[in-house]
Protein chains: 2
Amino acid sequence: MPYDPSAFPPFAVTVDLVVLTVRRHALCALAVRRGEPPFQGRWALPGGFVRADEDLTQAAARELAEETGLCAHDPAAPAQDNGAHLEQLATYGDPERDPRMRVVSVAHLALAPDLPAPRAGGDASNARWAPVEELLQQGGYGRDGEPVAPLAFDHARILADGVERARSKIEYSSLATAFCPPEFTVGELRRVYEAVWGVALDPRNFHRKVTGTPGFLVPTGGTTTRQGGRPAQLFRAGGATLLNPPMLRPEV
Amino acid sequence: MPYDPSAFPPFAVTVDLVVLTVRRHALCALAVRRGEPPFQGRWALPGGFVRADEDLTQAAARELAEETGLCAHDPAAPAQDNGAHLEQLATYGDPERDPRMRVVSVAHLALAPDLPAPRAGGDASNARWAPVEELLQQGGYGRDGEPVAPLAFDHARILADGVERARSKIEYSSLATAFCPPEFTVGELRRVYEAVWGVALDPRNFHRKVTGTPGFLVPTGGTTTRQGGRPAQLFRAGGATLLNPPMLRPEV
DNA sequence: AGTGTTTATCGTCAGGAAGACGACTATGAT
DNA sequence: ATCATAGTCGTCTTCCTGACGATAAACACT
């Protein structure tokens, strides 16, 4: 069968972003308010069309920079100045997922340290960090008693998948350090695990585990008291990306 | 900004399949010979265009049925007659990956028990099961001394990603049973792990591990001697999909 | 029938990792 | 000075794993 351009239907391809961070002991995701139909006024995940000459990862990194100012951190490159971790999550292509047309969305997962207020095209009121539980509870009421509208499109499903990916991946990788500033303490890293998993971990066992895994953490020599209490050693993320044996998520 | 159909570039969307099975103690993948340019005559992964009214998973299941006759096994449904495990793998959208046009391919991973010879549109010579090492070695020589051409497009990368997914996922899930017939012995399951990981496992420790994990295997009461030696108990896959603690892949 | 081979299955033992938790240390706040 | 807060080092018990001996039940020979 020869090549026939009419043999396949055209699709629009977008990237959507699940951008996660830890703020005030809670796992939060970036949400933007939709300014146009469909779902006008509702919260949604940031995203946009993939351009004609752009790779999927490039498109995701571009959208991430537009929405947050974050520089995507290539997992291969060692530098991690202001870079966020970025990886592909999954692709969503239900024919009915966008009422306007056939859209296939390649969702990406980005993890970032706690940041100043988000910006969405310069308009702060149209972007916010919200706890993932708040974004995921469908038709409930938020902390302020206001009714919560579910996320636009299938974005609740995408967000849930991204959260689950993050929760499981910090078990066996050093991904949790992506939520931390370049230098951090063992306690700060533990609070990341506690926020992402929503559990309390024993500080002593956690300390033994992370400091006893070769290549996971490298001490910088400095100390800090920014958490109060006794000064804590500062560490950087070591070269080890895989955590073996894994950190076990406590049973419920 | 109002909706403007000209604001986004059109893409072709395809599904590609990494279909894995275990044959003669080796992890094998399904490859089809391309009958048209580009890469005419080269081996490639099976796949095809997503239709206008089709979900991505539906498209992958349809392609799988066309190429192998396998019925995709929905992970939610309990029945697993002739069903193969099917899950989304990753999406590949480099602008240069297809010289004809901009194609975004949503790769899927399928796992199946050992099957009779494959069929590709009824033409057996254009489809085969090949050991993954043979398909992945670029520019080397196959077992028969013939030079081996690398897979078409970026399919070597996709295959490598699918193999890595399968290798890591059988560690912490019951996915390895997807390579087995509905009833199987502990030894047959162990040979699956050995083929997928390319290692030898201790039969006694393996037996203790899989029979000691609640819900992983349920005995059917029957026995078989199809492997020779002492009769072995037959099992079916239990309801447990997660293996905790995981089966540890031996270090190299 | 006996012997060897193959595979399955049960047991034992030592080493290591993890959960529970006690004890001590070094800061800032009152 | 005292307390609250966090960090860090140990101890103990329990569980899991890897290494490996031993037995059981089939088949293929002679």
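Here is how names work: the chains are called A, B, and so on, in the same order as the sequence lines, proteins then strands, and each is numbered from 1.
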What's the [atom1]-[atom2] distance between [X] and [N], to the nearest Å?
X      : N      : atom1 : atom2 : answer
A:D202 : C:dA23 : CG    : C1'   : 14 Å
B:E171 : D:dT17 : CD    : C1'   : 14 Å
A:M247 : C:dG19 : CE    : C1'   : 14 Å
A:F235 : D:dG7  : CZ    : P     : 11 Å
B:E194 : C:dT7  : CD    : C1'   : 12 Å
B:L248 : C:dG16 : CG    : C1'   : 12 Å
B:Q227 : C:dT5  : CD    : P     : 20 Å

Partner set under side-chain hydrogen bond (donor to acceptor under 3.5 Å, both in side chains) for [X], not counting sequence neighbours:
X      : value
A:H155 : A:D16
B:E164 : none
A:R190 : A:E194
A:R249 : A:E171

Does the [X] side chain pair with the main chain of [Y], one donor and one acceptor, at a distance under 3.5 Å?
X      : Y      : value
B:W43  : B:L135 : no
B:Q88  : A:T91  : yes
B:T21  : B:A112 : yes
A:R236 : A:P182 : no

Checklist entry - Can you pull the salt bridge (Lys or Arg N to Asp or Glu O under 4.0 Å) pairs that have at least one residue in residues 219-232 of chain A, sequence neighbours excluded? => result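 Pairs touching residues 219-232 of chain A that pass the test: A:E188-A:R226.
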
Checklist entry - Does A:R165 have any salt bridge (charged side-chain N to carboxylate O under 4.0 Å, His left out) partners at least two apart in sequence or in another chain, and if so, which? => result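 Listed in chain order: A:E87.
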
Item to check | Residue-level proximity of residues 184-191 of chain A to DNA chain C when a heavy atom falls under 4.0 Å | outcome: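 Of all residues in residues 184-191 of chain A, none places a heavy atom under 4.0 Å from DNA chain C.
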
Checklist entry - Residues from residues 204-222 of chain A sitting under 4.0 Å of DNA chain C, heavy atoms only? => result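 Contacts with DNA chain C under 4.0 Å: A:R204, A:N205, A:R208, A:K209.
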
Next on the checklist: Applying ring-ring contact (aromatic ring centres under 6.0 Å, His included), can you list everything that pairs with A:F206, at least two apart in sequence or on another chain?
Outcome noted: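 ring-ring contact (aromatic ring centres under 6.0 Å, His included) check on A:F206 returns A:Y193.
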
Is there any protein nitrogen or oxygen under 3.5 Å from a nitrogen or oxygen in nucleotides 23-30 of chain D, and what are the pairs?
{"residue": "D:dA24", "atom": "O4'", "partner": "B:R230", "partner atom": "NH1", "Å": "3.4"}
{"residue": "D:dA24", "atom": "N3", "partner": "B:R230", "partner atom": "NH1", "Å": "3.4"}

Next on the checklist: Please list all pairs meeting side chain to side chain donor-acceptor pair (under 3.5 Å) that have one or both residues in residues 201-219 of chain B, counting only residues at least two apart or in different chains.
Outcome noted: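 Counting only pairs at least two positions apart or across chains, the side chain to side chain donor-acceptor pair (under 3.5 Å) contacts touching residues 201-219 of chain B are B:D202-B:R204, B:N205-B:R208.
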
Item to check | Inter-axis angle, terminal five-pair segments of the helix from C:dA1-D:dT30 to C:dT30-D:dA1 [nearest 10°] | outcome: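 That helix has its two terminal axes inclined by roughly 0°.
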
Checklist entry - Does B:R167 CZ have over 12 foreign heavy atoms under 6.0 Å away? => result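 Yes, CZ of B:R167 has more than 12 neighbouring heavy atoms, counting only those of other groups under 6.0 Å.
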
